[in-house]
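All values below come from the heavy atoms of this structure, side chains included, with hydrogens, waters and symmetry mates left out.
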Amino acid sequence: MLDEKGNFFIIDAVLAVILLLAVFIVFNSAISIPDSGYSNEIKESKNAQDIMEILSGKVYYSDGTFISDISEILKENKNSKESIREVSGLCKDKFESLKIKNYRFSETNVLKDKVLASSGDYSNAKDVSSATRSYGDYYFTLSTW
């Protein structure tokens with residue numbers, strides 16, 4: 001009879017340890033669940049950075065980048081209205097090919113915040129993400145929302 005009580009104490013202790021382990025696992029799982037709102041903010045903020053990376057990246061070493069091409073057009077034509085129109089057209093075509101709906105692309109240094117291409121209503125934009133790249137004296141800013 002004394003041996004039977006000892007078995008109950010062992011079973012009771014094992015069940016207590018299992019219960020504590022289960023509570024610990026549930027608590028740990030609840031803490032490690034990511035907040036979905038935070039990850040969406042990060043995803044949206046990377047959107048403008050990713051697009052600017054595409055615009056300023058090269059496929060081959062000998063290739064020019066989109067940013068360098070439009071900078072050269074502006075520089076060679078001394079920022080004339082015709083060159084700004086040409087660059088604006090190139091920018092609109094580029095952003096249409098990238099299928100971007102809400103954006104604003106501007107030059108913020110030489111042209112004094114001149115908007116080169118835009119789509120969507122920037123005045124009512126929420127969750128705007130932006131990225132800036134430079135080429136020579138030109139600083140290009142892309143805002144997406």
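- A side-chain donor from one of S68 and T65 sits under 3.5 Å from a side-chain acceptor of the other.
- In this structure, E107 does not pair ionically with K112, as no charged nitrogen and carboxylate oxygen lie closer than 4.0 Å.
- Of the inter-residue distances, the one linking S83 atom OG with E76 atom CD reads 10.0 Å to the nearest 0.5 angstrom.
- Side-chain contacts under 4.5 Å among hydrophobic residues (ILVMFWY), followed directly or transitively, place I25 together with L21.
- When the side chains of ILVMFWY residues are joined at heavy-atom separations under 4.5 Å, either directly or via intervening members, I51 and V115 end up in two distinct hydrophobic clusters.
- Between the side chain of N77 and the backbone N or O of I73 there is at least one donor-acceptor pair closer than 3.5 Å.
- A single hydrophobic cluster is seen to contain both V110 and L55, as judged by linkage of ILVMFWY side chains at heavy-atom distances under 4.5 Å, directly or through other members.
- Counting only N and O atoms by type, the side chains of N47 and D50 include no donor and acceptor under 3.5 Å apart.
- Considering all non-hydrogen atoms of both residues, A117 and S88 come closest at CB-O, 4.4 Å.
- D113 CG to T141 OG1: the interatomic distance, rounded to the nearest 0.5 Å, is 7.5 Å.
- Taking the side chain as every heavy atom from C-beta outward, T132 and L142 never approach each other to under 4.5 Å.
- Under the 4.5 Å side-chain contact rule for hydrophobic residues, Y135 and L74 share a cluster.
- Proximity of S119 to F95: side-chain heavy atoms (C-beta onward) are nowhere separated by under 4.5 Å.
- Inspection of the S129 and T144 side chains reveals an N or O donor paired with an N or O acceptor under 3.5 Å.
- The heavy-atom pair separating N102 from G120 by the smallest distance is OD1-CA, 3.5 Å.
- By the 4.5 Å heavy-atom criterion applied to side chains, F24 and L20 are not counted as neighbours.
- With values rounded to the nearest 0.5 angstrom, I84 atom CD1 is found 5.0 Å from L111 atom CG.
- Taking the six-membered ring wherever Trp is involved, the centroid distance between the rings of W145 and Y103 does not fall below 6.0 Å.
- Nearest heavy-atom pair, S123 versus D121, reported as atom, atom and distance to 0.1 Å: OG-OD1, 2.7 Å.
- Ring pair F105/F140: centre-to-centre distance below 6.0 Å.
- Between S80 and E82, the closest side-chain pair of non-hydrogen atoms falls below 4.5 Å.
- Checked by atom type and distance alone, the side chain of N109 never pairs as donor or acceptor with a backbone atom of Y138 at under 3.5 Å.
- The backbone N or O of L116 lies less than 3.5 Å from no partner atom in the side chain of S106, so there is not a single donor-acceptor pair.
- The hydrophobic cluster containing I67 also contains I100, counting ILVMFWY residues as joined when their side-chain heavy atoms lie under 4.5 angstrom apart, directly or transitively.
- Smallest separation of non-hydrogen atoms from R133 and E53: NH2-OE1, 2.9 Å.
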(request) Please lay out, stage by stage, how E86 and K81 fare under the test side-chain contact (heavy atoms from CB on, under 4.5 Å). (result) CA-CA 9 Å; E86 180 183 352; K81 289 182 181 181; over 6 Å; no
